[in-house]
Amino acid sequence: QVQLLESGGGLLQAGGSLRLSCAASTRTFSTYAMGWFRQAPGKEHEFVAVINWSGGSTFYADSVKGRFSISRDNAKNTVYLQMNSLKPEDTAVYYCAAGASYIRRGPSYGMDYWGKGTLVTVSS
């Protein structure tokens, strides 16, 4: 079982930047692929990005490619989501996820464990 705790959400204006963090409570963090997903009000759960166990492979949703960057620090059991050039349509609850490996198709992209989310609100 992997427990995930997101942090770093908040309210900011369009064009701004924010970095989300997700701390994992497992001694085998470095063996898990990690991902970020989001759910906007009234919309379905949406894939954002995934990263493999070493950080050497990443995959992004087209909607965030070039603006968001996923990374990880295995020594800190933490995965990050750097979000730049934020838009009002990025407003959502952002969820961290973990899985044995990632696949490039939904709905879960290979993720098995989920955090409770952190809210990001982007005003226009």
Side-chain angles (χ1 to χ4, degrees):
Q1 188 75 10
V2 180
Q3 293 186 331
L4 304 168
L5 181 62
E6 303 93 338
S7 61
L11 171 65
L12 71 165
Q13 292 188 330
S17 297
L18 199 63
R19 188 177 80 159
L20 304 182
S21 300
C22 172
S25 63
T26 173
R27 294 181 179 181
T28 57
F29 175 77
S30 63
T31 68
Y32 284 93
M34 301 296 296
W36 287 96
F37 295 72
R38 67 186 182 186
Q39 188 165 20
K43 295 190 176 180
E44 294 185 351
H45 203 65
E46 179 188 15
F47 164 72
V48 176
V50 286
I51 188 168
N52 77 332
W53 65 273
S54 69
S57 176
T58 58
F59 181 61
Y60 294 90
D62 287 344
S63 59
V64 305
K65 200 174 295 182
R67 299 189 298 123
F68 290 12
S69 178
I70 187 171
S71 62
R72 66 189 296 159
D73 186 338
N74 286 344
K76 296 183 178 180
N77 279 20
T78 301
V79 63
Y80 304 98
L81 185 68
Q82 177 67 44
M83 305 185 292
N84 300 326
S85 302
L86 281 159
K87 306 174 182 179
E89 51 264 43
D90 293 318
T91 294
V93 176
Y94 283 73
Y95 298 90
C96 176
S101 61
Y102 81 75
I103 58 175
R104 296 190 176 193
R105 65 178 185 274
S108 66
Y109 289 76
M111 302 294 106
D112 298 310
Y113 304 100
W114 301 85
K116 294 185 178 181
T118 184
L119 176 63
V120 174
T121 304
V122 184
S123 64
S124 56

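This chain uses plain numbering: 1 for the first residue, then up along the sequence. This is a predicted model, so every value here is computed, not measured.
Within a 6.0 Å radius of CD in Gln3, other residues, nucleotides and ligands contribute 12 heavy atoms or fewer. No more than 12 heavy atoms of other residues, nucleotides or ligands lie within 6.0 Å of NZ in Lys116, so this atom counts as exposed by the packing criterion.
Pairing each heavy atom of Glu6 with each of Gly115, the nearest pair is OE2-CA, 3.2 Å. Considering every non-hydrogen atom in both Val79 and Ile51, the closest pair reads CG2-CG2, 4.2 Å. Shortest non-hydrogen contact noted between Ser17 and Gln82 is CB-NE2, 4.0 Å.
One finds the CG atom of Leu11 at 10.0 Å from the CG atom of Leu18 (value rounded to the nearest 0.5 Å). Here the straight-line distance linking atom CG of Leu81 with atom OG of Ser71 works out to 8.5 Å at 0.5 Å rounding. Between the CZ atom of Phe68 and the CG atom of Leu20 there is a distance of 8.0 Å, given to the nearest 0.5 Å.
Follow the hydrophobic side-chain contacts under 4.5 Å out from Phe59 and you never reach Trp53; the two are in separate clusters. Using a 4.5 Å cut-off between side-chain heavy atoms of Ile, Leu, Val, Met, Phe, Trp and Tyr, with links allowed through other members, Leu12 and Val48 fall into the same hydrophobic cluster. Phe29 and Leu4 fall within a single hydrophobic cluster, where Ile, Leu, Val, Met, Phe, Trp and Tyr are joined by side-chain heavy atoms under 4.5 Å apart, directly or via other members. The hydrophobic cluster containing Val64 also contains Leu86, counting ILVMFWY residues as joined when their side-chain heavy atoms lie under 4.5 angstrom apart, directly or transitively. Linking Ile, Leu, Val, Met, Phe, Trp and Tyr residues whenever their side-chain heavy atoms come within less than 4.5 Å places Trp36 and Val120 in a single cluster.
Shown here are the salt bridge (Lys or Arg N to Asp or Glu O under 4.0 Å) partners of Arg19, two or more places apart in sequence or in another chain: there are none. Under the side-chain hydrogen bond (donor to acceptor under 3.5 Å, both in side chains) criterion, Asn74 pairs with Arg72, sequence neighbours left out.
Looking only at side-chain heavy atoms (C-beta outward), Pro107 and Glu44 stay at 4.5 Å or farther from each other. For the pair Tyr32 and Asp112, the minimum side-chain heavy-atom distance is 4.5 Å or more.
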Donor-acceptor contacts under 3.5 Å from residues 88-104 side chains, at least two apart:
| from | atom 1 | to | atom 2 | distance (Å) |
| --- | --- | --- | --- | --- |
| Asp90 | OD1 | Arg38 | NH1 | 2.9 |
| Asp90 | OD1 | Arg67 | NH2 | 3.0 |
| Asp90 | OD2 | Arg67 | NH1 | 2.7 |
| Asp90 | OD2 | Arg67 | NH2 | 3.4 |
| Asp90 | OD2 | Lys87 | N | 2.8 |
| Thr91 | OG1 | Pro88 | O | 2.9 |
| Thr91 | OG1 | Val122 | N | 2.9 |
| Thr91 | OG1 | Val122 | O | 3.3 |
| Tyr94 | OH | Arg38 | NH1 | 2.9 |
| Tyr94 | OH | Asp90 | O | 2.6 |
| Tyr102 | OH | Ser57 | OG | 2.6 |

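Checking side-chain atoms of Tyr60 against main-chain N and O of Ile70 turns up a donor-acceptor pair under 3.5 Å.
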